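Starting from 1, each residue takes its place in the sequence as its number. Any value given below was found using the heavy atoms of this structure, including those in side chains, with hydrogens, waters and symmetry copies removed. These figures come from a predicted structure and were not determined experimentally.
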Amino acid sequence: MATEPAPETSPAAAPSEQTLADRGQNRSQRPSSAAFLDWVTSGWAERPASTAAPADVAPFTAARRARLAAQFPGERLVVPAGAYKVRSNDTDYRFRPHSAFAHLTGLGGEQEPDAVLVLHPAADGEGDELPDGTRSTHRAVLYMRPLAGRDTEEFFSDSRYGEFWVGPRPTLEDMQTVTGIRTAHSDELRDALAKDVGTDGIRLLVVPEVDEAVEAVVEEIRAAEDAGERDAALVEALSELRLVKDEHEVGELRAAVAATVAGFEQVVRRLPEAVAHRRGERVIEGTFLSQARVEGNYVGYETIAAAGAHATTLHWTDNDGRVREGELVLIDAGVEVDSLYTADVTRTLPVTGTFTEAQRRVYQAVLDAADAAFAVAVPGNRFRDVHAAAMEVIAARLDEWGMLPVPAAESLAPEGQQHRRWMVHGTSHHLGLDVHDCAQARREMYLDAVIEPGMVFTIEPGLYFQSDDLRVPAELRGIGVRIEDDVLVTADGNENLSAALPRRPEDVEAWMAGLLGR
């Protein structure tokens, strides 16, 4: 990694005279002479003509913004992209914009740190024109840091934003063309937020805990004026806006699932290498991460590569264990594509390609529970019904195996729940820009909601029998199984988006044999 630049000074100050922040510049060797400044800021060719074009997602994001704005008449909505976050000392984590910002602008990947989308309330007939010819109640403006000229010091000296270090940013004009949103310099943000705010005027709402600097500006304005504060309502509305996916979102989720399927195939091909390595779980994790970076933006969440008894830990992400023949490996992974939509798929695979009798028994019970959940994941039922259907099967199997202290029906009662000892998590969650999408939605809009076409969620029952659980038959201890698929609700039922990955045990074995050349 190149050295962080900082202004070169004449004789360095003694350590005791430097602030802690200044000491980070001690290693800098960047020249600052007038001759250098004249030389580095001149002699550049004209930039090529712009090739910016409207993004395919632009009509969809316009409709999303209008739907959100209609819920907040007369209120100014502030949706930051977020800022860089420090990983270690003077290095940052890879930037990912906040999901609400990405949903409303269509900007994904590592685009536009520090940008802020603002929906300004507009007078009748002055809001943004929508693709159907109607107008929004608000006017959207994207405030961002524009491309710096090559005659500026930022061009060569700023390692976080400078073109010499991270490449050119888009111009305001190009970003407006791509997104279909008016753009303005970020320097104009504060005055724009404060305009007409006050008693009987505009109220100011911001998505909290995204960008501390933007939130501080909003709080300052609200402290000076009677601007109201309904941030929780904005966060709630942004989550609920994503409960039903539009056509573009479904397409992105299909792409994420397809890339994820390919990643699982690569993992199976490298299982012999994983078995041979002392940290075989890392071989699996690294293999999938490579697929995610090549075909998408990143992984949608930290990959779970849990071999043997590690599979009984629900969120095992250390991934530092061995992968042994004769055991199972539970892989929970998803590719996040460039638009930031992610898949979330789990398969539990026999390392040698063949299930033992005990493994198959547990696997089949989980598969039966998943199939029962699929059967009720249709329009008209409630979201909570999906989990209930899976639990009926789980409780019945545990009862058949003599593991419950009460009959299955009694365990399923709210005051029972003994079967949940071996599956403490839920069966489903919404999926989209976040792996656990729409998490701030109201209970009546999520858990208690009627299932609608366009919803996308997971179905992921499991059974987890820990090695030291004395309430589990000895032959089943150390076995953990989860099967997870991504489901699109359709007008007349549902579609398993991840059906390309086999689910039935015999199909899993045949699939693995083909990939391993056996």
TODO: Tell me whether the guanidinium CZ or amine NZ of Arg361 lies under 6.0 angstrom from the six-membered ring centre of Trp401 and within 45° of its axis.
DONE: yes
Open item on the list: Distance to the ring centre below 6.0 angstrom and angle to the axis at most 45 degrees; does that hold for Arg145 and Tyr161?
Closed with: yes
Side chains of [X] and [Y]: donor-acceptor distance under 3.5 Å anywhere?
X	Y	value
Ser498	Asp486	no
His429	Glu460	yes
Asp344	Thr458	no

For residues [X] and [Y], report the shortest heavy-atom separation together with the two atoms involved.
X	Y	answer
Thr260	Ala333	CG2-O, 3.6 Å
Ala115	Met144	CB-CB, 4.2 Å
Ala58	Thr179	CB-O, 3.8 Å
Ser411	Leu404	CB-CD1, 4.1 Å
Val79	Phe101	O-CD1, 3.4 Å
Arg96	Ser99	NH1-OG, 3.2 Å

Between [X] and [Y], is there a donor-acceptor pair closer than 3.5 Å when you use the side chain of the first and the backbone of the second?
X	Y	result
Arg64	His103	yes
Glu281	Gly321	yes
Glu392	Ala389	no
Asp507	Pro502	no
Thr312	Phe465	no
Arg282	Asp318	yes
Arg477	Asp469	yes
Gln359	Thr356	yes
Asp128	Ala62	no
Glu265	Leu515	no

Is there a side-chain contact between [X] and [Y] in this structure, where contact means two heavy atoms from C-beta onward sitting under 4.5 Å apart?
X	Y	answer
Leu271	Ile284	yes
Phe72	Leu119	no
Arg443	Arg384	yes
Glu112	Met175	yes
Ser428	His387	no
Leu238	Gln440	no
Thr303	Leu289	no
Val424	Leu314	yes

Using a cut-off of 6.0 Å, state whether more than 12 heavy atoms not belonging to [X] lie near its atom [atom1].
X	atom1	answer
Glu302	CD	no
Glu475	CD	yes
Tyr298	OH	no
Arg269	CZ	yes
Glu325	CD	no
Glu506	CD	yes
His436	NE2	yes

Output yes when [X] and [Y] qualify as a salt bridge under the 4.0 Å nitrogen-oxygen rule, no when they do not.
X	Y	answer
Arg278	Asp320	no
Arg382	Asp448	no
Arg279	Glu285	no

Task: Ring centroid separation Phe383 to His430 under 6.0 Å - done: yes
Roughly how far, to the nearest 0.5 Å, is the [atom2] atom of [Y] from the [atom1] atom of [X]?
X	Y	atom1	atom2	answer
Gln418	Leu398	CD	CG	11.0 Å
Tyr341	His248	OH	NE2	7.5 Å
Lys245	Leu433	NZ	CG	7.5 Å
Glu249	Asp437	CD	CG	8.0 Å
Tyr363	Asp368	OH	CG	11.0 Å
Arg160	Thr91	CZ	OG1	10.0 Å

Open item on the list: Could you go through Arg254 and Glu495, starting from their C-alpha distance and side-chain angles, then the distance that decides it, and tell me whether this counts as salt bridge (Lys or Arg N to Asp or Glu O under 4.0 Å)?
Closed with: CA-CA 11 Å; Arg254 289 187 187 279; Glu495 177 187 350; 2.8 Å; yes
Task: salt bridge (Lys or Arg N to Asp or Glu O under 4.0 Å) partner of Glu509, the single match among Arg518, Arg360, Arg503 - done: Arg360
Open item on the list: The test is side chain to side chain contact (heavy atoms under 4.5 Å, CB included); show your working for His425 and Tyr464 and say whether it passes.
Closed with: CA-CA 11 Å; His425 62 80; Tyr464 312 92; 2.7 Å; yes
TODO: Kindly indicate, with the supporting measurements, whether the criterion side chain to side chain contact (heavy atoms under 4.5 Å, CB included) is fulfilled by Val386 and Ile451.
DONE: CA-CA 10 Å; Val386 178; Ile451 296 172; 4.0 Å; yes
